[in-house]
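Accompanying notes for the structure given below.
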There are 2 protein chains.
Amino acid sequence: MAAPLDPDMFDPVCPTDLMPIRTGDKWAGMIIRCLEGGPRRFSELRVPLRGITAKVLTQSLRALERDGYVTRTAQTHPVRRTEYALTPLGASLLGPLAALCAWAEEHWDELLDAREAGTAALAGGKPFSAG
Amino acid sequence: MAAPLDPDMFDPVCPTDLMPIRTGDKWAGMIIRCLEGGPRRFSELRVPLRGITAKVLTQSLRALERDGYVTRTAQTHPVRRTEYALTPLGASLLGPLAALCAWAEEHWDELLDAREAGTAALAGGKPFSAG
DNA sequence: CGGCATCCCATAGGATACTG
DNA sequence: CAGTATCCTATGGGATGCCG
């Protein structure tokens with residue numbers, strides 16, 4: 001309870017730093033979830049990911065590919081067709097990801113209430129303007 | 001398997017958008033985990049969160065407070081002492097969070113290998129420079 | 001100790017237009 | 001269809017310094 005925190009709790013090379021859902025990847029988690037049901041095409045992914053631009057989707061997909069979460073299979077011959085699929089590594093993330101989403105849905109109301117209350121209570125206090 | 005994706009899979013007001021570990025909060029998840037063992041003081045939190053600046057820690061804590069994940073209790077009288085603790089909502093996130101971390105540790109080697117291989121394979125291909 | 005103020009930069013990511 | 005190429009902005013977040 002009052003035991004001191006482990007200074008190495010978040011190691012300089014903390015594993016979580018390698019996770020796709022870490023800071024600076026807004027879409028990675030959603031993309032992975034979209035691939036849960038099997039391979040999907042580029043434009044197919046754009047549907048549920050409403051509002052994502054082609055550029056950003058490409059970026060995210062490339063990053064996920066680079067880090068071994070998805071594979072890319074392109075074909076040009078008869079028609080152009082590119083499919084993205086989860087690697088075993090990527091698929092193994094589905095569990096934890098689903099847990100997170102389940103949590104969010106479960107606490108949906110609380111989240112809304114808390115945010116509303118918090119915004120009101122702390123209103124006017126924007127200690128850090130823009131940097 | 002080949003069923004079309006639900007266009008509303010990620011609703012415009014998707015619950016996950018409210019999560020603290022979503023895009024743009026590098027530290028939220030780690031902070032919450034630091035509070036698992038009970039209330040912690042400001043400077044106490046800075047230890048495991050190596051390298052975090054006071055400004056950023058304050059920012060993150062304020063955001064977490066605003067969204068109802070943590071509470072802030074300040075005292076100035078004898079000595080200055082501020083304590084941060086998890087709300088029930090915040091505590092309820094510990095589970096999913098732990099699952100994520102467990103996953104990361106479990107796949108630690110794979111992550112390293114995949115990233116290394118991916119970086120090599122896709123080397124030279126930096127389609128998107130800086131904007 | 002627990003911040004706040006200020007300056008600064010890197011970059012995620014959106015808008016738009018074009019291509020094989 | 002599946003991207004690329006540019007341009008642009010918002011902001012996360014680090015550095016440094018000061019304060020009650």
Side-chain angles (χ1 to χ4, degrees), chain A residues 10 12 17 19-31 34 39-47 49-67 70-85 122 124-131, chain B residues 10 12 17 19-31 34 39-47 49-67 70-85 122 124-131:
Chain A
F10 299 109
D17 282 355
M19 302 208 317
I21 32 181
R22 50 150 233 156
T23 181
D25 208 333
K26 181 177 177 181
W27 304 97
M30 294 193 242
I31 292 175
C34 285
R40 297 288 175 184
R41 304 179 53 179
F42 188 84
S43 38
E44 212 173 346
L45 288 172
R46 295 193 66 178
V47 179
L49 270 20
R50 296 225 276 249
I52 195 173
T53 61
K55 186 195 111 179
V56 173
L57 181 54
T58 305
Q59 271 178 179
S60 302
L61 249 13
R62 290 283 191 280
L64 288 172
E65 187 189 2
R66 178 175 50 77
D67 292 348
V70 313
T71 57
R72 195 182 97 110
T73 315
Q75 135 195 341
T76 327
H77 269 82
V79 293
R80 186 157 190 192
R81 186 183 191 83
T82 312
E83 282 196 337
Y84 295 90
L122 280 70
K126 239 205 162 187
F128 299 99
S129 45
Chain B
F10 300 107
D17 281 357
M19 301 208 318
I21 33 182
R22 50 150 233 153
T23 181
D25 208 335
K26 180 177 177 181
W27 303 98
M30 295 192 242
I31 292 174
C34 285
R40 297 289 176 182
R41 304 179 54 180
F42 188 85
S43 37
E44 213 173 345
L45 288 172
R46 297 194 63 179
V47 179
L49 269 22
R50 298 227 277 250
I52 195 174
T53 61
K55 186 195 112 178
V56 174
L57 179 54
T58 305
Q59 270 178 181
S60 301
L61 284 171
R62 289 284 190 281
L64 289 173
E65 186 189 2
R66 178 174 52 76
D67 292 347
V70 312
T71 57
R72 195 181 96 110
T73 316
Q75 133 196 342
T76 326
H77 271 82
V79 291
R80 185 156 191 192
R81 186 184 191 81
T82 312
E83 282 197 336
Y84 295 89
L122 280 70
K126 238 202 161 189
F128 298 100
S129 46

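Residue numbers start from 1 in every chain, and the chains themselves are labelled A, B, ... in the order their sequence lines are given, proteins ahead of strands.
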Partners of [X] by side-chain contact (heavy atoms from CB on, under 4.5 Å), sequence neighbours excluded?
| X | value |
| --- | --- |
| A/Thr82 | A/Arg72, A/Ala74, A/Tyr84 |
| B/Val47 | A/Pro7 |
| A/Ser43 | none |

Separation of [X] atom [atom1] from [N] atom [atom2], in whole Å?
| X | N | atom1 | atom2 | value |
| --- | --- | --- | --- | --- |
| A/Leu57 | D/dT4 | CG | P | 11 Å |
| B/Lys55 | C/dC1 | NZ | C1' | 20 Å |
| A/Glu65 | D/dA2 | CD | P | 15 Å |
| B/Glu44 | C/dC1 | CD | P | 12 Å |
| A/Lys26 | D/dG12 | NZ | P | 12 Å |
| B/Arg62 | D/dG12 | CZ | P | 16 Å |
| A/Leu61 | D/dA2 | CG | P | 11 Å |
| A/Ile52 | C/dA15 | CD1 | C1' | 14 Å |

B/Ile52 side chain reached by B/Leu45 side chain, heavy atoms, under 4.5 Å:
no
Within the 4.5 Å heavy-atom criterion, are A/Glu65 and A/Arg62 side-chain neighbours or not?
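Touching, per the 4.5 Å side-chain cut-off.
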Report yes if at least one side-chain N or O of [X] is closer than 4.0 Å to OP1 or OP2 of [N]; otherwise report no.
| X | N | answer |
| --- | --- | --- |
| A/Arg40 | D/dA2 | no |
| B/Arg41 | C/dG2 | yes |
| B/Thr53 | D/dA15 | no |
| B/Thr82 | C/dG3 | yes |

With the criterion being N/O to N/O and under 3.5 Å, what pairs connect the protein with nucleotides 18-20 of chain C, and how long is each?
{"unit_1": "C/dG20", "atom_1": "N2", "unit_2": "A/Arg80", "atom_2": "NH1", "d": "3.0"}

Between [options], which nucleotide gets closest to the side-chain atoms of [X]?
| X | options | answer |
| --- | --- | --- |
| B/Gln59 | D/dG13, D/dG14, C/dG14 | D/dG13 |
| A/Val56 | D/dG14, C/dG3, C/dG13 | C/dG13 |
| A/Phe42 | D/dA15, D/dG3, D/dC1 | D/dG3 |

For B/Arg81, salt bridge (charged side-chain N to carboxylate O under 4.0 Å, His left out) partners two or more places apart
B/Glu83
Taking any heavy-atom pair under 4.0 Å as a contact, classify A/Arg46: base, sugar-phosphate, or nothing.
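Here A/Arg46 touches no strand at all.
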From A/Leu61, A/Val56, A/Leu64, residue fulfilling side-chain contact (heavy atoms from CB on, under 4.5 Å) relative to A/Trp27
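Single side-chain contact (heavy atoms from CB on, under 4.5 Å) partner of A/Trp27 among A/Leu61, A/Val56, A/Leu64: A/Val56.
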